[in-house]
Amino acid sequence: MKTETADVDTRASPTTLLQKEVAYYRQLSSRLGKDLVRAQHLLDSANLEIRGHESRRLLERELSLVAATAISLPALCNRIADSVIEHTLCSRVLVLAEDEPGSQVFRVLEAAGASTSELPQEITLARVPTFAFANSARRHPSTATETLKRLGEILGLPSVMWSYDTETGFAILMATAPGPAVAEFDADDEDAANVALERLVDGVWRLRSRQRHETALSAPTASTQTASIAAPSAGMLAIDLGTPTITEADIVSELQRGGHIAEVAVLERRDEEFVIFVSPSWSKGFRLLRKFRNTGTRTFKDVMRLLRFVRDTWGYRGSLTVYTPDALAANGLISVAQSFEHDRTEEQAA
Amino acid sequence: MTLARNSATTRGIWSTRATRIAADSDIVTAYAKGSHTFEIARQAAASVALGVQQPTLIMLFVGGKHAPEEALRGVARVFPDVPVVGGSAAGVISKTGFGYSGLEIGMAAWRRESITPRISFTDDLLHGEYDAGVALGWQARARHPDTSVVVLLYDSVRAEKPKQLHPAGPIVDGFYVGWGPHAPLIVGGGVLTDLNLSDGWIFAHGGVHRHAAIALSFPASVRAETSVLRACQPVSAFMAITRIEGAELFELDGQPALEVVENYMTQPLINAAGQPTRIMTLGNKDDGDRFAPATPNDYTNRLILTANRESKSVILFEPDFSVGAYVQLMANDPALMLSEARRGAQIARQATQSSGGRPLLRLYIDCAGRASVMSGTTDEEAGIVLDELTSGPVPLLGFYSGVEIAPVRGRSRPLDWTGVLTTLIETT
């Protein structure tokens, strides 16, 4: 065979040979290109699968934190809806609740990706499934076909996912516009809707529990802690020298017992990060905010995040003053922050 | 040793010789994320107000899930009389965060009139992109004849069903004609509301406009350093375009274009909704010798927007390929994209360090297709760019775009699947 082929090549003209060679290499490059595209597609699919798992993990973690720390129902619903959109990249999320569990009449508590003014005040559903989804190929379960159609019409998108808690009457509705980045909902997406609903319900029970606790308390809850207060000179901020720091855990715990944050001061550092001082209702003077488990000072790189943290986590609605590192009024704050910053770096170095 | 260094750093944090954004930057940026549009926009503006009390101009990019009018209202609550330019964004990139959920808002505020661009505007793209570009170029020249850099932003989406884009090529060509000789360098991009190319809008003259474009002409004292970050490699032999009408490509080597492209794929190119199931690109090698060794920088790439199964054609992002041109199917190389992102950001940083001028702002116009959810990468390429640039003092604002515009071989032109990293520098 080898000799025959060689003979054929010898007899062909150089042009014919070159044409054959070009055709051969074109075919080869085409085949290699196809293999490359297919291999790339497999890799992309695997990476997207990993990304999907990572997103679900982050969603679950974030929602757990939201449920544990939200101070009010609107804040809870808002943060849950935003987190679901961020981690699933779906188009719209509604948080709904029945007026009375089992009434089948829902009100929209929160809408992300949709304007509440464009949504109906009340949504009445003939059947209320605990879980359902629709895409262009199917509606599941088949008994929820009409419900899914109605929900799709309300949100203006055909692919929707619904998760409902019969005990509390709360529900999560998600809708997506499928495209290159986001696929239509299918059964695999059940986790996201259920996690969001579970954390919502968890947060609702926590809030209700706190409300009951507050009602039960007849006397003011402020502790009688008598800390020494730094005597401020005119215009200086008062520091709680006895307990100059406070952890996030302390705050959450005291808020649950009915306390509130009276004042917040923010101190800007030279590295453009910000630290928070709070003056809580259960003690006097400003205290530096430390992390949940007191592992270091809580710092923020972004004032916007800081604002949201203060507003959403503690429900603080008062004014907030940002002090520069050279503000005279903030000398006491700087001293406290410096001393605890030093502690932290020594701990790290050790 | 470690302790000493850390302690020194700690002391430095509280030094009154602080170099703060508020005191030193001529452009202050802010980033926010959330679904309550008015409040988020107001908070972002309030954050900017910590650094600049009365800006001369605000550049605003708003995620597509927000109501744009609400965003303008939120900004106006803090800055009632400050002009706002910008538009929708499939995602926003900043030093303090980035994302493409559609809930992001990014903002840059100019502190000084002497570095503030002048605004030219058209909302006539629907009646012809070229003519609108001519009008824009003419206006821009009248406002700032000595400008050396123009930032051009336009609404990418002409129609959603069937999906049609406003091509950037005719806008840029028109701009050059409208301007005349000695045209400035143009950088910019097409704005989108989401990764699905659903819609787009532009902020200008206190309102929200569709089918619009704005040109920001900077004073002569401001120049730009631009890096184009690419990621495409050829995966086919050359194929001749044998039939094309505008952006609709019918035949390659005499074969139906859709069949040729799908021959390389494991699934159909478009789904039932007409959306591409995978980003595919055709590349045209720019230099004269198509058989010479090439790098990704030597290609003009055109993404496939959608396909027509009846005519077996594919529709490209831009209408600038013609019969007789040789193209290759291109594939995104994720590893190359990430390494190029790092390299490009490093080059940008070094270039501005040695520029001799005063860097004002980095503007990162990043193709939406480069987001990890689109390109299938394990890391976000925007995150890598930020890794390299966050520690520096120059503020940064970016957005995920439909098409990017940047200078290539001496002339600005539309680019697909690139990241355009521009640093505005005030000449001292």
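Chain naming here is simple, since letters A, B, ... match the order of the sequence lines and numbering starts at 1 in each.
- The two residues S372(B) and L48(A) come nearest to each other via the heavy atoms O-CD2, 3.7 Å.
- Closest approach of A32(B) to M304(A), counting heavy atoms only: CB-CE, 3.9 Å.
- The parts of T378(B) that come within reach of chain A are both its backbone and its side chain, each placing non-hydrogen atoms under 4.5 angstrom from that chain.
- The choice from N271(B), L329(B), D333(B), T96(B) that makes the most heavy-atom pairs within less than 4.5 Å of chain A is T96(B).
- Atom-to-atom distance recorded for D194(B):CG and S91(A):OG is 7.0 Å, nearest 0.5 angstrom.
- Looking at Q267(B) and H41(A), their side chains come closer than 4.5 Å, going by heavy atoms from C-beta outward.
- Taking both residues in full, the closest heavy atoms of P334(B) and D44(A) are given as CG-OD1, 4.2 Å, listed atom of the first, atom of the second, then distance.
- Side-chain atoms of R51(A) never come within 3.5 Å of backbone atoms of T377(B) as a donor-acceptor pair (strictly under, hydrogens ignored).
- In terms of heavy-atom pairs under 4.5 angstrom with chain B, the leader among L43(A), V93(A), N78(A), T116(A) is N78(A).
- Taking a 6.0 Å sphere around OH of Y326(B), one finds it holds 12 or fewer heavy atoms contributed by other residues, nucleotides or ligands.
- The side-chain heavy atoms of E86(A) and L103(B), taken from C-beta on, include no pair separated by under 4.5 Å.
- One finds the OG atom of S47(B) at 10.0 Å from the CG atom of L306(A) (value rounded to the nearest 0.5 Å).
- With contacts defined as side-chain heavy-atom distances shorter than 4.5 Å, the pair V37(A)/R278(B) qualifies.
- For a residue to count as touching a neighbouring chain, one of its non-hydrogen atoms must lie under 4.5 Å from one of that chain's; by this rule S115(A) does not touch chain B.
- For E380(B), the part lying under 4.5 angstrom from a heavy atom of chain A is the side chain only.
- Residue-environment remark: CD (Q27(A)) stays at or below the threshold of 12 foreign heavy atoms within 6.0 Å.
- When the shell of 6.0 Å around CZ of R61(A) is examined, it contains 12 or fewer heavy atoms from other residues, nucleotides or ligands.
- The shortest non-hydrogen separation linking N47(A) to G376(B) is ND2-O, 2.7 Å.
- In this structure, chain B has no heavy atom under 4.5 Å from any part of S136(A).
- Side-chain contact check for R308(A) versus Q43(B): some heavy-atom pair is nearer than 4.5 Å.
- For the pair E110(A)/H36(B), a side-chain contact is recorded, criterion being any heavy-atom separation below 4.5 Å from C-beta on.
- The part of S375(B) that comes within reach of chain A is its backbone (N, CA, C, O), which places non-hydrogen atoms under 4.5 angstrom from that chain.
- Heavy-atom minimum distance, K34(A) versus N263(B): NZ-ND2, 2.9 Å.
- Taken from CG in L50(B) to CZ in F274(A), the straight-line distance is 7.0 Å, to the nearest 0.5 Å.
- Contact annotation for R305(A): only side-chain heavy atoms (C-beta onward) come within less than 4.5 Å of a heavy atom of chain B.
- Between the side chain of D302(A) and the backbone N or O of G97(B) there is no donor-acceptor pair closer than 3.5 Å.
- Between S101(B) and I85(A), the closest heavy-atom pair is O-CG2, 3.8 Å.
- The contact between K33(B) and chain A is made by backbone and side chain atoms together, counting heavy-atom distances below 4.5 Å.
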